[in-house]
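Inspection log for the structure reproduced underneath, given as structure tokens.
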Amino acid sequence: MKTYRFLTTIALGALLISSCGVGGDSGGGGADEKALTWASTGGQFQEDEKKALQEPFTTKTGTKFTNISPAEQAQVRTMVKAGKTIWDLANMSWIYAGAYCGELFEKLDDPALDRSKFPPGTTGDCFVPTYRYANIFSYNADLYPGEKPTTIKDFFDVKRFPGKRVIYDYPKAGLFEAALVADGVAPEQVYPIDLDRAFKKIDTIKDSLVFAPSYGAIQQMMVDKQASMVLTVTARTIVSAQSGANLVPVWDFNTTDIGALVIPKGAPHKALAQQMLAFVTEPAQSIAYAKLTGTAPARPDVDLNSVGYTEQQKKFNAFLPERGRTLEQDKKWWIENTDALVKRWTSWKVG
């Protein structure tokens, strides 16, 4: 089991229970009421969760929600190690749940969480997808009035297409897979990732890369035209376009991934939390959430035409027909290799 200490050394003692309640808005409720504590990212993303997912569950079951942000792995570790877990659900990367399944996160055993309902390779013992998204390559059309980028190779061609390329400062953002495909590797042969070859390809554009510390920073850079190309997640691409960035997606090749709600080990209401997970993936809630965020439902049996996407959301939806090559990020590979890759990534940036 990987230690992932780079993810869990952030003042753990100071984050114990007192901090876990900071930023929460309590739904109230006495001991006899159904209640779930939900940790997520805050901002509009969490507001969309409340509207599309929590409010319908409250209507159906009477469950009250306490919302907390941000949801950080360090806090989960602190609570679990202290034997004082207060979160029932947390919106965070499936990597954590995969790496610490049964140790820091609960295994999902509710029969309603039927893994056959989800695309192959998107589930684990401690997680199922709650929505799907893509890491989308797009460019600012205002900065390329002449020749336009049309393939993933163009992201790595600074001679034909000069300008800064902004990426989220984290290896699992689609860059490594893109580098290999741009270097001639067939998508179905990307995994296991040849890191030496990928780094060599990324080195060719290192001076043109901007490592954004947050998705908000990516949005601002694209709106302000501080970068000409971007590789980032579906929802942030849409928001950037809505905020004024004249973005055009390139559908030659993109990776796809999942969002997940996970249950910290020792959650006070594990059974109810699993009921909530099953509820979240049902068609009605999946459609409502996809319509708000522009992401895709987790289950392939949900018809995308039923979502009611806006034209702008459709423009950046990698799951619609005729959108080029896509590759689901390999969950097992990333769970096993993220720790070492982040260390190498950090050294490479300053080298």
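All of these numbers come straight from a predicted model, not from anything done at the bench. The chain is numbered in sequence order, starting from 1.
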Tightest non-hydrogen contact, residues Asp88 and Ile263, listed as O-CG2, 3.4 Å
NZ or CZ of Lys349 within 45° of Phe211 ring axis and under 6.0 Å
yes
Here the ring pair (Phe, Tyr, Trp, His ring centres under 6.0 Å) pairs for residues 212-234, sequence neighbours left out, are Tyr168-Tyr215
Subject >> Phe161/Tyr144 under ring-ring contact (aromatic ring centres under 6.0 Å, His included): CA gap, chis, key distance, verdict >> reply: CA-CA 8 Å; Phe161 300 101; Tyr144 295 108; 5.7 Å; yes
Taken to the nearest 0.5 Å, the spacing of Ser93 OG from Gln73 CD works out to 9.5 Å
Minimal heavy-atom distance between Val280 and Gln285, with the atoms involved, is O-CB, 3.6 Å
**Request:** Please tell me if the side chains of Phe319 and Leu304 come closer than 4.5 Å, counting only heavy atoms from C-beta onward.
**Result:** yes
Here the ring pair (Phe, Tyr, Trp, His ring centres under 6.0 Å) pairs for residues 256-275, sequence neighbours left out, are none
Open item on the list: Looking only at the side chains, is there a donor atom on one of Glu49 and Asn67 sitting less than 3.5 Å from an acceptor on the other?
Closed with: no
dist Ile258:CD1 -> Tyr133:OH (nearest 0.5 Å) comes out at 8.0 Å
_Quick one, Leu108 and Leu277 - any side-chain contact, counting heavy atoms below 4.5 Å?_
yes
query = Hey, does the side chain of Lys225 reach the backbone of Val223 with a donor-acceptor pair shorter than 3.5 angstrom?
reply = no
Scanning both residues in full, the closest heavy-atom pair of Ala97 with Cys126 reads O-CB, 3.7 Å
So salt bridge (Lys or Arg N to Asp or Glu O under 4.0 Å) across residues 236-245, not counting sequence neighbours, yields none
Those residues at least two apart in sequence (or on a different chain) that pass side-chain hydrogen bond (donor to acceptor under 3.5 Å, both in side chains) with Trp251 are none
Would you call Asp183 and Lys200 a salt bridge, taking side-chain N to carboxylate O under 4.0 Å as the test? no
For Arg299, the salt bridge (charged side-chain N to carboxylate O under 4.0 Å, His left out) test, sequence neighbours excluded, returns Asp301
Salt bridge (Lys or Arg N to Asp or Glu O under 4.0 Å) pairs touching residues 268-285, sequence neighbours excluded, are Glu106-Lys270, Asp109-Lys270
For Ala273 and Leu36, the nearest pair of non-hydrogen atoms, with its separation, is N-CD2, 3.8 Å
Residues at least two apart in sequence or cross-chain that pass salt bridge (charged side-chain N to carboxylate O under 4.0 Å, His left out) with Lys314, listed by chain then number, are Glu311
Sorted by chain and number, sequence neighbours left out, side-chain hydrogen bond (donor to acceptor under 3.5 Å, both in side chains) with Trp348 holds for Asp203
*Can you find a pair of side-chain heavy atoms, one from Trp38 and one from Gln46, that are under 4.5 Å apart?*
yes
Can any side-chain N or O of Arg165 pair as donor or acceptor with the backbone N or O of Leu231 at less than 3.5 Å? no
Across all chains, not counting sequence neighbours, the side chain to side chain contact (heavy atoms under 4.5 Å, CB included) partners of Gln242 are Ile238, Val239, Gln312
Mind checking whether Phe199 and Trp345 have parallel, tilted or perpendicular rings, split at 30° and 60°? tilted
key: Flag side-chain contact, heavy atom, 4.5 Å: Val262 against Trp94   = no
Give the table of side-chain donor-acceptor pairs shorter than 3.5 Å for residues 189-196, with sequence neighbours excluded, one pair per line with atom names and distance.
| from | atom 1 | to | atom 2 | distance (Å) |
| --- | --- | --- | --- | --- |
| Tyr191 | OH | Glu177 | OE2 | 2.4 |
| Tyr191 | OH | Asp330 | N | 3.4 |
| Tyr191 | OH | Trp334 | NE1 | 2.9 |
| Asp194 | OD1 | Asp196 | N | 3.3 |
| Asp194 | OD1 | Arg197 | N | 3.1 |
| Asp196 | OD1 | Arg344 | NH1 | 3.3 |
| Asp196 | OD1 | Arg344 | NH2 | 2.8 |

Residue set satisfying salt bridge (charged side-chain N to carboxylate O under 4.0 Å, His left out) with Asp114, at least two apart, ordered chain then number -> none
Begin from the C-alpha positions of Thr122 and Phe127 and carry the test side-chain contact (heavy atoms from CB on, under 4.5 Å) through to its verdict.
-> CA-CA 9 Å; Thr122 64; Phe127 64 86; over 6 Å; no
Practice item. Say whether Gln219 and Ser240, considering side chains only, have a donor N or O and an acceptor N or O under 3.5 Å apart. Key: no
The salt bridge (charged side-chain N to carboxylate O under 4.0 Å, His left out) partners of Asp207 (sequence neighbours excluded) come to none
